[in-house]
Amino acid sequence: MTPLNWLTAISICFLPIGSCTSPGNAGYPSKLYFPASGGDKQITGTESALYLSFEERDIPSDFSFSESDSSMVLAGEWIEITGQFCGTVLNVHAEPNHTGKRRRVALNISSGYYYPTVTIEQSK
């Protein structure tokens, strides 16, 4: 095999690996900011969301999935994330911050092959 053919064969073997990678954070933003007044925001990625969790284990949270309408809800003390199973759009709701302290939580999104993380911050 000539050097050119050998390089072509290797490139073709690795082509599927390179073409399956999702750029950046699977299209999801790496950070999301809320004012102290709270509010609602929507984030969109390029990969489907299959499961949601918070990285911080000390934050009480509850994940639920409804088979009837394929909706997912991740609810925390001051924040709630909703979306459709296998969807790419997530709705984020933050309650008003009356604590006098900045709040921060890391949202982990499981999409099968990718595990993007969105850091959500709220000012005091």
Side-chain angles (χ1 to χ4, degrees):
M1 191 178 269
T2 66
L4 182 58
N5 289 341
W6 181 79
L7 288 174
T8 303
I10 288 178
S11 298
I12 291 171
C13 287
F14 288 107
L15 182 62
I17 293 172
S19 64
C20 291
T21 60
S22 186
N25 205 27
Y28 293 97
S30 58
K31 291 191 178 193
L32 185 63
Y33 297 96
F34 282 95
S37 60
D40 296 296
K41 295 191 177 189
Q42 196 172 71
I43 59 174
T44 304
T46 57
E47 301 298 325
S48 300
L50 305 175
Y51 184 78
L52 307 171
S53 63
F54 291 128
E55 191 169 290
E56 295 79 8
R57 300 289 177 224
D58 59 340
I59 295 175
S61 63
D62 183 39
F63 176 80
S64 62
F65 170 76
S66 171
E67 287 186 32
S68 63
D69 64 358
S70 298
S71 63
M72 300 184 300
V73 177
L74 176 63
E77 194 173 316
W78 58 275
I79 193 158
E80 181 178 83
I81 294 93
T82 60
Q84 292 297 118
F85 180 77
C86 283
T88 58
V89 177
L90 296 173
N91 301 299
V92 183
H93 172 76
E95 292 291 325
N97 186 356
H98 301 295
T99 66
K101 298 177 184 176
R102 184 178 66 94
R103 297 197 263 200
R104 180 190 173 281
V105 67
L107 169 65
N108 292 328
I109 304 165
S110 173
S111 63
Y113 294 111
Y114 308 103
Y115 299 92
T117 299
V118 179
T119 302
I120 303 168
E121 294 183 355
Q122 185 178 28
S123 59
K124 56 182 180 176

Check: If you measure only the distance, is there a donor-acceptor pair under 3.5 Å linking the side chains of Ser30 and Asn25?
Finding: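 Side-chain D/A pair, Ser30 to Asn25: absent.
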Check: How are the rings of Phe65 and Phe85 set relative to one another: parallel (under 30°), tilted (30 to 60°) or perpendicular (over 60°)?
Finding: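 The rings of Phe65 and Phe85 stand perpendicular, inter-plane angle above 60°.
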Can you give me the closest heavy-atom contact between [X] and [Y], atom names plus distance?
| X | Y | value |
| --- | --- | --- |
| Ile109 | Ala49 | CG2-CB, 3.8 Å |
| Lys124 | Gly100 | CD-O, 3.3 Å |
| Leu50 | Cys86 | CD2-SG, 3.5 Å |

[X] atom [atom1]: more than 12 heavy-atom contacts under 6.0 Å:
| X | atom1 | value |
| --- | --- | --- |
| Lys31 | NZ | no |
| Glu77 | CD | no |
| Gln42 | CD | yes |

Got a donor-acceptor contact below 3.5 angstrom from the [X] side chain to the [Y] backbone?
| X | Y | result |
| --- | --- | --- |
| Glu55 | Thr117 | no |
| Tyr28 | Leu90 | no |
| Thr46 | Ala26 | yes |
| Gln122 | Pro35 | yes |

Next item on the list: Taking only Lys NZ, Arg NE, NH1 and NH2, and the carboxylate oxygens of Asp or Glu, determine whether Glu121 and Arg103 approach each other closer than 4.0 Å.
Entry: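 No, Glu121 and Arg103 are not salt-bridged.
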Would you compute the distance between atom [atom1] of [X] and atom [atom2] of [Y] and round it to the nearest 0.5 angstrom?
| X | Y | atom1 | atom2 | result |
| --- | --- | --- | --- | --- |
| Met72 | Asn91 | CE | CG | 10.5 Å |
| Asp40 | His93 | CG | NE2 | 5.5 Å |
| Phe54 | Ile79 | CZ | CD1 | 5.5 Å |
| Ser110 | Leu52 | OG | CG | 9.0 Å |
| Leu74 | Glu80 | CG | CD | 8.5 Å |
| Phe63 | Ile81 | CZ | CD1 | 11.0 Å |

